[in-house]
Amino acid sequence: MAKLTKRSDDYSQWYNELVITADLAENSAVRGCMVIKPYGYAIWEKMQQELDRMFKETGHVNAYFPLFIPKSFFSKEASHVDGFAKECAVVTHYRLKNDPDGNGVIVDPDAKLEEELIVRPTSETIIWSTYKNWIQSYRDLPIKCNQWANVVRWEMRTRLFLRTTEFLWQEGHTAHETKQEAIDETETMVQVYANFAEQFMAMPVLQGVKTANERFAGALETYTIEALMQDGKALQSGTSHFLGQNFAKAFDVKFATKEGTEEYVWASSWGVSTRLMGALVMAHSDDFGLVLPPKLAPIQVAIVPIYKSEEELNKISVVVNEIVAKLKKRGISVKYDNSDNRKPGWKFAQYELQGVPLRLAVGPRDIANNTVEVARRDTLTKEVVSIDGVDAYVADLLETIQENIYKKALDFRTENTTEVNSYEEFKEVLNNKGGFVMAHWNGSAEIEQKIKDETKATIRCILLNGDKTPGKCMVTGEPSAQRVVFARAY
RNA sequence: CGGGAUGUAGCGCAGUCUGGUAGCGUACUCGUCUGGGGGGCGAGGGGUCGCAAGUUCAAAUCUUGUCAUCCCGACCA
């Protein structure tokens, strides 16, 4: 297998090669759609597992809504249509037939649907048309549903995990009695995402709200978590939307209050997608391959035996099997790779490429000395330690690695966050350094657009708990309430 | 949808200009020596050259058409 392109040579090629060679995903026969391979899917499953647990802890339940949405539902919320209309796949027919000219099958023109169906790009409309039937009184509220699903957005250009035509995600949709309750829910969920990103992905994120330009189609407020990739570009990694009463009004969802009056329901929606896989890859990995945080690694420890003869392997296996049993007892996922069709050197390189946090090697020398060689993926360092107590050692080390890669990412972000006070300085930092640029802005959509047109940088968010010192807009000199976060983004 | 490029073995590519036996690397199969960082040697299997028409004694190579993919731009989680 050839060496990866270096990040410094071509970051985007490095990413593409890494996703494929680490066996996470590949392009499929369908344009813009990917095949998530077992190793990549195993990481996604671990993400799902943790997120699902966090959703349930915060009072949510899972449900499932249809893939298809009647076209008429879509037109009910005006800004929502505007946002998604350009990227919707549409089902127009329900039957094929044999081509009378003998060229395989064709769409049967007699099987045209009376009402065309949209393949969901997101499910607000189908869900709110359903919630209408579920909600009569305040006693029916709140409703806090999540669904794990696939969605389709017909993108022009796609990249594995970062932007694909079909992708997997979860979408939470909640209905509340009061405005404040819906806002609280929106904020709770962006906090859940931030906790997940930091504690499990070891990826520091900024929390903030989007400007009107960047807001979700149909939302009154969009909260976001923004992560910084190693090439200095930002990646929106999760969003949580306060939808106000927009969808309740569009679908006529009202409830009877305690006082006997009738009110529209307040709503939120929130989601993260397989894009998180892209974030995970770009946050930690290096020129040797993937670096996975132990908490999300499908294999936390790989053990490679080094032997000449079969009897030597048997001796090693006895010792290794004990180690495996002890590690499993601690809940550590371990793979003893005693396959004989690859050489140790090949296995070392392979586990490195796939980001396995720890690799143990056991050979005749170790058997003689009662030792094992422990290699860390994050630092690429090796140590020889005693087999006695190796399980405790490994358990500690996995925690250390989790912390270390988080710290490394956090240091990187700190180094690549720059305050600027003039538009000149702003452009200079963007072009020469990248990263998050903290600058004052007058709050107008026009200036935001002008900056985007001139520099390709967008406002990633307005920090929830950032520095609130006022200043002057870097472009117009007008008053600004606080600095906002700019960056070039994926 | 605009600009650029590419379709030849599972993968990566050469061969195309100048038409004449289908090639290389890697992967795969068998044997053997090996094994503490992507092994060595020997033997072997695998391709209607994207598809369709045309020119020619002869087309991967020339002509026309067509399909697909990738990269760069506008859209986006």
- prompt: When we call it a touch if two heavy atoms are under 4.0 Å apart, what does T239(A) touch: a base, just sugar-phosphate, or nothing?
  reply: nothing

message: Does K382(A) reach a base, just sugar-phosphate, or nothing at all? Heavy atoms under 4.0 Å.
response: base

- prompt: Just by distance, with hydrogens left out, do S317(A) and Y336(A) show a side-chain donor and acceptor under 3.5 Å apart?
  reply: yes

field: Flag for Q230(A)-R7(A): side-chain donor and acceptor within less than 3.5 Å
entry: yes

- prompt: Rounded to whole angstrom units, what separation is found between the CG atom of D340(A) and the P atom of G39(B)?
  reply: 13 Å

field: Given C1(B), G36(B), C70(B), the nucleotide with the shortest approach to the side chain of M156(A)
entry: C1(B)

- request: Can you tell me the pairing partner of U29(B) across any strand shown, Watson-Crick or G-U wobble, with both distances under 3.5 angstrom?
  value: A43(B)

Watson-Crick or G-U wobble mate for C51(B), both contacts under 3.5 Å: G65(B)

- prompt: For C70(B), what is the paired nucleotide under Watson-Crick or G-U wobble rules, both distances under 3.5 Å?
  reply: G4(B)

- line: Rounded to whole Å, CZ of R460(A) lies from P of C76(B) at a distance of 11 Å

query: Which is true for S12(A) with a 4.0 Å heavy-atom rule: it touches a base, it touches only sugar-phosphate, or it touches nothing?
result: nothing

message: Tell me the interatomic distance from E26(A), atom CD, to C70(B), atom C1', rounded to whole angstroms.
response: 16 Å

query: Considering only side-chain heavy atoms of A349(A), which listed nucleotide, G36(B), C75(B), G38(B), is closest?
result: G38(B)

- prompt: With nearest nucleotides of RNA chain B determined for R215(A) and E373(A) from heavy-atom distances, which residue corresponds to the more 5′ nucleotide?
  reply: E373(A)

- prompt: Would Y406(A) and F200(A) count as a close aromatic pair, with their ring centres under 6.0 Å?
  reply: no

query: Which nucleotide sits closest to the side chain of P344(A): C76(B), A74(B), G35(B)?
result: G35(B)

task: Starting at atom CG of L313(A), determine the distance to atom P of G35(B), rounded to an integer number of angstrom.
output: 15 Å

Which nucleotide in U34(B), C71(B), G36(B) has an atom nearest any side-chain atom of K343(A): U34(B)

task: Taking atom P in both U63(B) and G20(B), compute the distance separating them and give it to the nearest angstrom.
output: 15 Å

query: How long is the line joining CZ of F216(A) and C1' of C76(B), in whole Å?
result: 12 Å

- prompt: Do T458(A) and E214(A) get their side chains close enough for a donor-acceptor pair, meaning under 3.5 Å?
  reply: no

task: Classify the nucleic acid contact of E155(A) as base, sugar-phosphate or nothing, counting any heavy atom under 4.0 Å across all strands shown.
output: base

- prompt: Donor-acceptor pair under 3.5 Å: do we get one between R342(A)'s side chain and the base of G35(B)?
  reply: no

task: Go through the side-chain N and O atoms of S269(A) and H173(A) and say whether any donor and acceptor fall under 3.5 Å apart.
output: no

Side chains of T165(A) and R31(A) in contact at under 4.5 Å (non-hydrogen atoms): no

task: Describe, in one word, how the ring planes of Y131(A) and F65(A) are oriented to each other, choosing from parallel (under 30°), tilted (30 to 60°) and perpendicular (over 60°).
output: perpendicular

message: Can you tell me which nucleotide in G36(B), G37(B), A74(B) comes closest to the side chain of R359(A)?
response: G37(B)

- prompt: Between G40(B) and A27(B), how far is it from one P atom to the other, in whole Å?
  reply: 8 Å

query: Taking the P atom of each, how far is G37(B) from G47(B), in whole Å?
result: 39 Å

query: Expressed as a whole number of Å, how far does the P atom of G3(B) sit from that of G50(B)?
result: 25 Å

- request: Using Watson-Crick or G-U wobble geometry with both distances below 3.5 Å, tell me the partner of G36(B), or none.
  value: none

- prompt: With rounding to whole Å, what would you report as the distance between G25(B) and C41(B) at their P atoms?
  reply: 11 Å

query: Rounding to the closest angstrom, what is the interatomic distance between U61(B) and U8(B) at atom C1'?
result: 11 Å

field: Paired nucleotide for C24(B) [Watson-Crick or G-U wobble; both distances under 3.5 Å]
entry: G12(B)

Rounded distance in Å - CD (Q350(A)) to P (G38(B)): 14 Å

query: Taking OP1 and OP2 of G35(B), is either one under 4.0 Å from a side-chain nitrogen or oxygen of K308(A)?
result: yes

- prompt: Does K452(A) or N16(A) map to a spot on RNA chain B nearer the 5' end, using the closest nucleotide for each?
  reply: N16(A)

query: Do T174(A) and S268(A) have a side chain donor and acceptor closer than 3.5 Å?
result: yes

field: Distance in angstrom units between E87(A) CD and C75(B) P, rounded
entry: 12 Å

- request: Would you indicate what L235(A) reaches in the nucleic acid, counting non-hydrogen atoms under 4.0 angstrom: base, sugar-phosphate, or nothing?
  value: nothing

- prompt: Expressed in whole Å, how much space separates the P atoms belonging to G36(B) and C13(B)?
  reply: 31 Å

message: From CG of D10(A) over to C1' of C71(B), roughly how many Å is that when rounded to an integer?
response: 11 Å

- line: Using Watson-Crick geometry (N1-N3 plus N6-O4 or O6-N4) or G-U wobble (N1-O2, O6-N3), each under 3.5 Å, C75(B) is paired with none

message: Work out how far the P atom of G38(B) is from that of G19(B), and round it to whole angstrom.
response: 47 Å

message: Once you apply a heavy-atom cut-off of 4.0 Å, does R159(A) come out as touching a base, just sugar-phosphate, or nothing?
response: nothing

task: Identify which nucleotide among G36(B), G35(B), G37(B) has an atom closest to any side-chain atom of R365(A), counting heavy atoms from C-beta outward.
output: G36(B)

message: Counting only Watson-Crick pairs (N1-N3 plus N6-O4 or O6-N4) and G-U wobbles (N1-O2, O6-N3), all under 3.5 Å, who is the partner of C17(B)?
response: none

task: Remember a base hit wins even if backbone is also touched, and classify R31(A) as base, sugar-phosphate or nothing at under 4.0 Å, heavy atoms.
output: sugar-phosphate

